[in-house]
Amino acid sequence: MKSLKFLIITVLILSFQFCTQKGKEETRVRFMTIGTGGLTGVYYPTGASMCSMIDKNALGSKNIQCNVQSTAGSVYNLNAIHSKEIEFGIVQSDMVFRAWEGLEPFPEKYSELRSVFSIYSEPMNLVARKDAKISSLQDIKGKKVNIGNPGSGQKRTSTELLTACGMTESDLALAGSLKPAEMPDGLRDQKLDAYFYTVAHPTANIKDIAHSVPITLVPLEGDCIDQFVESHPFYVKTKVPGGLYDGVEQEVPTFAVKATVMTHKDTPDALVRALLDSIVTNMDEFKQLHPAYRDMTLASIQEGLVPPFHPAAKRYFEQGK
Ligand code: GLU
């Protein structure tokens, strides 16, 4: 009799502990940060939109606090994922490839990187003052050109492009490293003749400068660029539509990367699943938020990714939630 009493009490205590433990798990707030880019680009509003989708989405929202962080760009984001300072980052696919392979500017192979999904095609742009008379890539010789801020994707992509086309920074009168938000002022104040910016369209950054100074988007085409695109699987030719910016009426040929979402292999499944589900479940709503997302489909978001999927993303794509 005594031992039966003891057994019942033990069972009661254990089940009470189990329930409170479960309750604790459900109420524990999990934090996640999405690293993006400069405030005037498209990564930052994209990260903000993702967090707002998570907040709204029933499956994802429970106890997840999503923060968007403005950063220097792709290279910064990859380094911050590597060191586990942030859980997610929006990153150019050419920089993902470089990090995965351990190519400059990355010190080693970032083999813990995992793919979550890809978002949109992101063109390389050369924005120039009209009076700088730059009508092709070769015309930047002897000009003041912003190559890109440290930590950005454009700094590395433009450097690789110059090398492929037989140029170095020493061919320029100035190789600038202003941040995206400072680049329009640089052009306006004639500190710059042109700037490189890997960014989707339309972007507040180029709208801003096109309002106040006549600009051109320089066509990036010709033999060395063709070869550059053909020799790298993550570059594709594209055209920036005309009519998006004051004075830029014609479509402009260039090449593009993919803007992708990366994470660390150790990121908890629940966070990856919440982010992915909030986008997949509400894709039509998400696509309304920026023209760059227009072509997103369940198939397109699984393309153009270098590292393997995070296990939670793999499961999600294979089995649904
Ligand atoms: N592609 C840029 C980078 O990696 C950021 C573009 C944006 O902020 O929209 O630095």
Side-chain angles (χ1 to χ4, degrees), residues 33-51 68-82 86 88-100 103-106 110 113 115-127 145-161 176-184 186 195-209 217 220 232 234-236 238 240 244-245 254-263 286 289-294 296 304-306:
T33 298
I34 305 177
T36 60
L39 295 176
T40 58
V42 179
Y43 285 9
Y44 183 77
T46 300
S49 300
M50 287 179 187
C51 281
V68 59
Q69 187 182 322
S70 172
T71 73
S74 290
V75 171
Y76 177 97
N77 295 341
L78 286 162
N79 285 328
I81 292 170
H82 177 67
I86 59 177
F88 298 95
I90 307 180
V91 183
Q92 290 179 205
S93 49
D94 54 345
M95 294 306 116
V96 177
F97 177 84
R98 300 189 75 85
W100 186 248
L103 302 172
E104 254 194 294
F106 302 97
Y110 284 7
L113 280 178
S115 297
V116 185
F117 64 102
S118 78
I119 326 172
Y120 56 77
S121 163
E122 185 182 39
M124 171 50 114
N125 308 283
L126 179 57
V127 185
V145 183
N146 206 70
I147 297 295
N149 55 304
S152 69
Q154 53 271 5
K155 180 176 166 70
R156 175 55 48 180
T157 309
S158 59
T159 304
E160 294 295 314
L161 178 65
S177 55
L178 296 180
K179 292 179 188 160
E182 302 164 337
M183 300 185 309
Y195 59 82
F196 285 103
Y197 195 11
T198 323
V199 72
H201 299 286
T203 170
N205 180 288
I206 304 178
K207 275 194 177 169
D208 168 23
I209 183 65
L217 278 185
L220 294 175
H232 296 98
F234 36 79
Y235 293 133
V236 291
T238 189
V240 179
L244 296 178
Y245 305 107
T254 181
F255 63 94
V257 294
K258 282 230 167 188
T260 65
V261 180
M262 290 294 134
T263 193
F286 185 75
L289 300 177
H290 195 284
Y293 317 148
R294 195 183 312 133
M296 279 174 81
L305 298 157
V306 181

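Index from 1, following the sequence. Start at 1 and go down the list; that is how both ligands and their atoms are numbered. Every value quoted in this text rests on a predicted model; they were computed, and no experiment measured them.
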Among all protein heavy atoms, pick out the one at the shortest distance from [atom]; state its residue, atom name and that distance to 0.1 Å.
atom: atom 3 (C) of ligand 1; result: Gly153 N, 3.3 Å
atom: atom 4 (O) of ligand 1; result: Ser74 OG, 2.5 Å
atom: atom 6 (C) of ligand 1; result: Thr198 O, 3.3 Å

* Tell me yes or no: between the side chains of Tyr110 and Asn79, is some donor less than 3.5 Å from an acceptor? => yes

* To do: Check the side chains of Glu122 and Tyr43 for a donor-acceptor pair under 3.5 angstrom, ignoring hydrogens and angles.
  => yes

Pairs of nitrogen or oxygen atoms closer than 3.5 Å, one from [X] and one from ligand 1: do any exist?
X: Ser152; result: no
X: Val42; result: yes
X: Tyr44; result: no

* Run the numbers for me: atoms of ligand 1, each under 4.0 Å from some heavy atom of Gln154, listed by number. => 1 (N), 2 (C), 3 (C), 10 (O)

* To do: Can you sort out which atoms of ligand 1 are near Gln92, meaning under 4.0 Å from one of its heavy atoms?
  => 1 (N), 2 (C), 3 (C), 4 (O)

* Do the side chains of Asn125 and His201 get nearer than 4.5 Å, heavy atoms only? -> yes

* Do the non-hydrogen side-chain atoms of Tyr44 and Val68 ever get within less than 4.5 Å of each other? -> yes

* Short side-chain to backbone donor-acceptor contact, Asn77 and Thr36, under 3.5 Å -> yes

* To do: Using a strict cut-off of less than 4.0 Å between a Lys/Arg side-chain nitrogen and an Asp/Glu carboxylate oxygen, indicate whether Glu160 and Arg98 qualify as a salt bridge.
  => yes

* To do: Would you kindly specify which portion of Glu122 sits under 4.0 Å from ligand 1, judged on non-hydrogen atoms: side chain, backbone, both or neither?
  => side chain

* Evaluate the side-chain contact (heavy atoms from CB on, under 4.5 Å) criterion for residues Asn146 and Phe196: first the C-alpha distance (whole Å), next the side-chain angles of each, then the deciding distance (0.1 Å), finally the verdict. => CA-CA 6 Å; Asn146 206 70; Phe196 285 103; over 6 Å; no

